[in-house]
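First up is the structure itself, then whatever we jot down about it.
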Amino acid sequence: MKKTLWLFCLKRLASLPIILLGVSLLTFFLMRIVPIEPAEVILRLSGVTPTTESIRSLEKEMGVNLPLFEQYWLWLKDVLSLQFGTSFVSKLPVAEELLSKFPATVLLAINSFVLALTISVPSGIISALYPYSLINKFVRMLSIISVSLPTFWLGFMLIYIFSIQLNLFPTNGTGSLAHLILPTCTLAIPIIGLFTQTIQTAMTQELTKPYIDYAYQRGLSKKTIIMKHVLKHTLTPLLSLFGLTLGNLMAGAIVVEQVFSWPGVGRYLIESIINRDYPVIQSYVLIVATLYVCINLCTDILQRIFDPRIKESTYD
């Protein structure tokens with residue numbers, strides 16, 4: 001088992017450079033299709049009226065007048081040195097800029113994910129155990145509503161109710177636990193609905209399988225059957241969903257960070273897109289792709305550990 005697991009990990013890690021190379025090429029050349037030139041945007045941000053001469057001069061300074069493959073190679077060398085190039089706007093290394101933004105996004109992502117799991121797992125289990133009860137109907141109704149709510153609308157409503165009307169929490173920014181509560185809830189509420197529905201459906205299906213009746217016939221208690229068998233078989237297949245959700249959160253909840261002026265990578269990405277800051281956008285996509293591949297690998301490994309029935313061919 002251990003040897004097979006190590007081989008699986010090595011195969012997946014060996015494919016990582018090819019995936020990232022493809023992502024970097026696709027991102028780099030797609031960015032060049034955008035009609036507005038970054039030099040023109042930067043001049044306007046600086047309060048300078050763009051002229052042909054000033055645009056050409058700035059393009060030469062930024063290196064965007066070079067052939068595309070030469071630009072790509074220069075940027076790729078910066079990536080391999082972990083500098084990721086220099087921001088067109090701030091003139092600072094992109095790695096330094098991203099590292100300053102990631103802690104805020106990680107803090108928000110981890111808190112939202114933990115809150116979602118803390119509420120959705122017991123809610124989904126209770127709903128599945130009592131399928132015809134009022135609790136089941138109530139949980140299902142709330143989960144459907146929470147999944148259906150647009151994130152930006154939910155964020156503004158929480159601000160209006162708890163910040164403007166009740167004056168309980170600040171409307172934006174960071175600095176204290178109070179600043180974290182509203183954006184965390186805004187991110188977590190739709191995820192709670194999604195997780196609850198998924199767990200409830202998976203557990204309901206698991207409870208109808210023949211081994212449950214056999215376990216009862218062996219004299220096992222309901223608690224033992226649920227805790228030792230049903231939960232394991234229910235949650236193991238959902239690890240991929242949990243991993244992808246965490247990856248989405250770690251990549252930056254763009255809408256929530258904008259609504260609450262949260263200084264994370266999602267908000268930084270929006271600013272970079274508006275400013276046509278190519279090195280930042282390219283580096284962000286590359287880092288997020290790496291993050292997704294690593295999280296997906298970790299969830300696959302956990303699935304193989306918790307469920308030995310999963311064959312290697314499933315992943316190849």
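Only a predicted model underlies this, so the values are computations on that prediction, with no experimental measurement involved.
Here Thr208 contributes atom OG1 and Ile212 contributes atom CD1; the two are 8.5 Å apart, rounded to the nearest 0.5 Å. To the nearest 0.5 Å, atoms OG (Ser146) and CD1 (Ile189) are separated by 7.5 Å. To the nearest 0.5 Å, the span separating CG on Leu177 from CZ on Phe169 amounts to 8.5 Å. Ile254 CD1 to Phe152 CZ: the interatomic distance, rounded to the nearest 0.5 Å, is 15.0 Å. Distance CG/Leu98 to OG/Ser272: 8.0 Å, rounded to 0.5 Å. A distance of 10.0 Å separates CG in Leu187 from CG in Leu115, rounded to the nearest 0.5 Å.
Note on Val147: it clusters hydrophobically with Ile191, by side-chain heavy-atom contacts below 4.5 Å among ILVMFWY residues. Both Ile164 and Phe156 sit in one connected hydrophobic cluster of ILVMFWY residues. Membership requires side-chain heavy atoms under 4.5 Å apart, directly or through other members. Cluster membership check: Tyr284 does not share its hydrophobic cluster with Leu92, using side-chain heavy-atom separations under 4.5 Å among Ile, Leu, Val, Met, Phe, Trp and Tyr. Cluster membership for Ile144 and Met203, using ILVMFWY side-chain heavy atoms within less than 4.5 angstrom, is not shared.
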| field | side-chain contact (heavy atoms from CB on, under 4.5 Å) between Leu241 and Thr245, worked out | value | CA-CA 6 Å; Leu241 173 63; Thr245 303; 4.0 Å; yes

| request: Might you work through the ring-ring contact (aromatic ring centres under 6.0 Å, His included) test for Phe69 and Phe29, ending with a clear yes or no? | output: CA-CA 9 Å; Phe69 281 101; Phe29 288 105; 5.3 Å; yes

| Should Tyr160 and Gln165 be marked as a side-chain contact (heavy atoms from CB on, under 4.5 Å) after you check the CA-CA gap, both sets of side-chain angles, and the distance that decides it? | CA-CA 6 Å; Tyr160 177 75; Gln165 294 296 319; 3.1 Å; yes

| Leu207/Val230 under side-chain contact (heavy atoms from CB on, under 4.5 Å): CA gap, chis, key distance, verdict | CA-CA 7 Å; Leu207 288 169; Val230 177; 4.0 Å; yes

| request: Take Leu180 and Trp262 through the test side-chain contact (heavy atoms from CB on, under 4.5 Å) and record every step on the way to the result. | output: CA-CA 9 Å; Leu180 184 62; Trp262 190 263; 3.6 Å; yes

| message | Test side-chain hydrogen bond (donor to acceptor under 3.5 Å, both in side chains) on Thr184 and Asn111; report intermediate values, then the result. | response | CA-CA 6 Å; Thr184 297; Asn111 279 278; 5.4 Å; no

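Taking the side chain as every heavy atom from C-beta outward, Leu166 and Ile161 approach each other to under 4.5 Å. Using a 4.5 Å heavy-atom cutoff, the side chains of Leu244 and Ile295 are not in contact. Thr105 is listed as a side-chain neighbour of Glu257, based on a closest heavy-atom distance under 4.5 Å. Counting heavy atoms from C-beta outward, Ile192 and Ser143 have side chains that stay 4.5 Å or more apart. Annotation: side chain of Leu168 is not in contact with side chain of Ser163 (no heavy-atom distance under 4.5 Å). For the pair Val79 and Phe84, the minimum side-chain heavy-atom distance is below 4.5 Å. A 4.5 Å side-chain heavy-atom check between Asn136 and Gln200 finds at least one atom pair inside the cut-off. With a 4.5 Å cut-off on side-chain heavy atoms, Pro183 and Val256 count as touching.
Remark: Met227 CE is loosely packed, at most 12 non-hydrogen atoms of other residues, nucleotides or ligands lying under 6.0 Å away. Within a 6.0 Å radius of NZ in Lys91, other residues, nucleotides and ligands contribute more than 12 heavy atoms.
Salt bridge present: Glu206 and Lys209 bring a charged side-chain N and a carboxylate O closer than 4.0 Å.
Using cut-offs of 30° and 60° for the angle between ring planes, the Tyr72 and Trp75 rings count as tilted.
A ring-centre distance under 6.0 Å is found for Phe195 and Phe242. Note: Tyr211 and Tyr216 fail the aromatic proximity criterion, with ring centroids not under 6.0 Å apart.
Between the side chains of Gln282 and Ser24, no donor N or O sits under 3.5 Å from an acceptor N or O. When only modelled atom types and interatomic distance are considered, Thr224 and Ser221 share a side-chain donor-acceptor pair under 3.5 Å.
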